[in-house]
Amino acid sequence: MKITILYFARIKEVVNYSSEDVVLPEGIETIIALKSWLSTRGETWQKLFNGSGVVRAAINHELVDDMATMDEGDEVAFFPPVTGG
Amino acid sequence: MKITILYFARIKEVVNYSSEDVVLPEGIETIIALKSWLSTRGETWQKLFNGSGVVRAAINHELVDDMATMDEGDEVAFFPPVTGG
Amino acid sequence: MSAPVYLKISVQPEDFDTGAELQQLKAATPQAGALVNFIGMVRDLSADGKLDEMVIEHYPGMTEAALQRIAEQACQRWPLLGIRLIHRVGSLAAQAQIVLVATTSLHRQAAFEACAFMMDYLKTEAPFWKKEIGDFGERWVEARATDEHAKQQWQKNNGKSPT
Amino acid sequence: MSAPVYLKISVQPEDFDTGAELQQLKAATPQAGALVNFIGMVRDLSADGKLDEMVIEHYPGMTEAALQRIAEQACQRWPLLGIRLIHRVGSLAAQAQIVLVATTSLHRQAAFEACAFMMDYLKTEAPFWKKEIGDFGERWVEARATDEHAKQQWQKNNGKSPT
């Protein structure tokens with residue numbers, strides 16, 4: 001399954017780019033599975049998703065929790081807790 | 001004791017004037033006593049102070065209850081519950 | 001609380017320019033992070049029918065003292081930076097502005113609560129009386145029990161917003 | 001509740017004219033008796049020192065959807081007549097306006113509560129991120145636990161203001 005991933009704010013600065021298209025291996029269907037899979041990319045990613053900072057996720061512009069499932073073509077976004085207003 | 005009495009809104013329309021200076025007889029010292037004394041002026045006054053409508057009072061620009069006492073030269077005001085804002 | 005609070009109170013027949021007033025309040029309290037304000041308008045429909053005019057009578061002298069007292073109470077309860085109060089009197093047309101209550105503070109909660117608090121107190125303690133004039137004739141507006149109730153909630157929940 | 005509510009949402013780098021915006025909202029909802037609004041400003045002092053600039057990043061597309069959803073929730077809970085939401089993005093100087101949340105309704109309680117509700121939800125659900133730049137360098141603003149708490153109070157007190 002192919003998805004687009006966007007990164008924002010502090011997380012964008014850590015990963016050092018703002019978006020990427022990825023093809024997920026078979027079985028990576030939930031946000032939590034995606035986080036684990038991205039963590040295998042190296043220490044930066046490992047720290048990002050397993051460290052102390054909270055990483056929020058959205059699928060197609062809607063806030064979701066770790067158990068949410070993705071579909072082909074989805075736009076997934078990772079970002080820190082929001083601080084607008 | 002001499003005081004000034006002011007009337008506002010519906011009450012001013014009922015008594016038909018907006019202020020008067022009165023010399024109170026000996027013993028009329030509280031708002032409740034003043035109301036009773038004014039009630040002796042006739043049916044209009046009787047109805048005003050003993051009828052169903054609430055009459056609020058202020059002494060020298062401060063809201064007071066019926067047991068408040070007056071002093072020489074005080075400005076006493078009678079008015080309906082307020083409806084500003 | 002202890003810092004001097006910018007406070008300006010007006011009772012006037014003239015309309016007010018809300019944008020300019022808020023601008024002035026912000027300029028007077030540049031440290032503020034939050035500004036909350038309430039504007040009350042004359043509704044064109046009264047309980048009795050279509051309204052042509054609203055006449056607001058007040059008690060000169062006591063009005064200003066009452067508004068001052070309400071503002072001081074708000075300052076005692078919340079860490080406000082600034083307060084602007086304007087209440088119009090005299091004859092107003094439908095949709096005219098009646099009242100402006102504006103507050104500034106560092107954070108939003110104090111500004112929100114103090115603004116609502118002052119409106120609830122103004123509605124029950126400031127000597128204004130509204131008369132409605134329309135095709136139904138004219139009649140004095142009756143005080144609403146819900147306004148008195150709103151004020152009493154603040155007395156119960158000392159320093160908290162009413163539920 | 002069921003009546004159509006005037007709703008206008010903007011996410012923009014430009015400043016806004018609060019007076020003109022409120023005038024437009026009033027004109028769009030002439031039956032309103034109450035207008036409440038919140039304006040958030042950049043404070044010139046951050047937790048780390050004097051602030052020169054605030055940069056607000058957002059998630060285009062999701063931002064508008066989130067604000068729309070927040071406004072719809074407010075309309076379901078309160079009998080509102082109109083809502084105006086503006087949130088700025090990009091680089092802002094100290095004291096600049098960041099956000100406007102304005103509501104109109106027949107009576108003041110709905111306008112007050114819905115305005116506070118939308119601010120609490122905006123603070124926790126709309127994808128904006130603030131970075132502060134000053135003599136301390138630059139740092140991302142941390143989310144405040146009190147904002148999350150404020151939102152949760154609305155979830156507990158369904159239809160009521162938080163205490």
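In what follows, chains are A, B, ... by sequence order, proteins preceding strands, each numbered from 1.
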Report yes if the side chains of [X] and [Y] come closer than 4.5 Å at any heavy-atom pair, otherwise no.
X        : Y         : value
Gln31(C) : Thr29(C)  : yes
Thr30(B) : Asp66(B)  : no
Ile31(B) : Asp65(B)  : no
Ile83(C) : Met118(C) : yes

> How about Tyr121(C) and Trp154(C): are their ring centroids closer than 6.0 Å?
Replying inline: no
> Can we call the ring centroids of Trp45(B) and Tyr7(B) under 6.0 Å apart?
Replying inline: yes
> Of all of Pro80(B), Ala77(B), Ala58(B), Gly85(B), which one pairs up most often with chain C through heavy atoms under 4.5 Å apart?
Replying inline: Gly85(B)
> Measuring heavy-atom distances to chain C, does Glu62(B) have an atom under 4.5 Å in its side chain, in its backbone, in both, or in neither?
Replying inline: both
> Looking only at heavy atoms, which of residues 15-26 of chain B get nearer than 4.5 Å to chain C?
Replying inline: none
Between side-chain atoms of residues 51-61 of chain C and protein atoms elsewhere (two or more places apart, or another chain), which donor-acceptor pairs fall under 3.5 Å?
{"unit_1": "Glu53(C)", "atom_1": "OE2", "unit_2": "Ser91(C)", "atom_2": "OG", "d": "2.6"}
{"unit_1": "Glu57(C)", "atom_1": "OE1", "unit_2": "Ala9(B)", "atom_2": "N", "d": "3.4"}
{"unit_1": "Glu57(C)", "atom_1": "OE1", "unit_2": "Lys12(B)", "atom_2": "NZ", "d": "3.3"}
{"unit_1": "Glu57(C)", "atom_1": "OE2", "unit_2": "Ala9(B)", "atom_2": "N", "d": "2.9"}
{"unit_1": "Glu57(C)", "atom_1": "OE2", "unit_2": "Lys12(B)", "atom_2": "NZ", "d": "3.0"}
{"unit_1": "His58(C)", "atom_1": "ND1", "unit_2": "Thr63(C)", "atom_2": "OG1", "d": "2.8"}
{"unit_1": "Tyr59(C)", "atom_1": "OH", "unit_2": "Glu75(B)", "atom_2": "OE2", "d": "2.5"}

> Hey, what do you get for CG (Asp71(B)) to NZ (Lys2(B)), rounding to the nearest 0.5 Å?
Replying inline: 15.5 Å
>> Would you compute the distance between atom CD1 of Ile70(C) and atom CG of Leu85(C) and round it to the nearest 0.5 angstrom?
In response: 8.0 Å
> Which residues in residues 122-129 of chain C have any heavy atom lying under 4.5 Å from a heavy atom of chain B?
Replying inline: Leu122(C), Lys123(C), Thr124(C), Glu125(C), Ala126(C), Pro127(C), Phe128(C), Trp129(C)
> chain B heavy atoms under 4.5 Å from Glu64(C): which part of the residue, side chain, backbone, both or neither?
Replying inline: neither
> Where on Arg144(C) is there a heavy atom nearer than 4.5 Å to chain B: the side chain, the backbone, both, or neither?
Replying inline: neither
> Who pairs with Glu21(C) by salt bridge (Lys or Arg N to Asp or Glu O under 4.0 Å), at least two apart in sequence or on another chain?
Replying inline: Arg84(C)
>> For a quick check under 3.5 Å, do Gln76(C) and Glu72(C) share a side-chain donor-acceptor pair by atom type?
In response: no
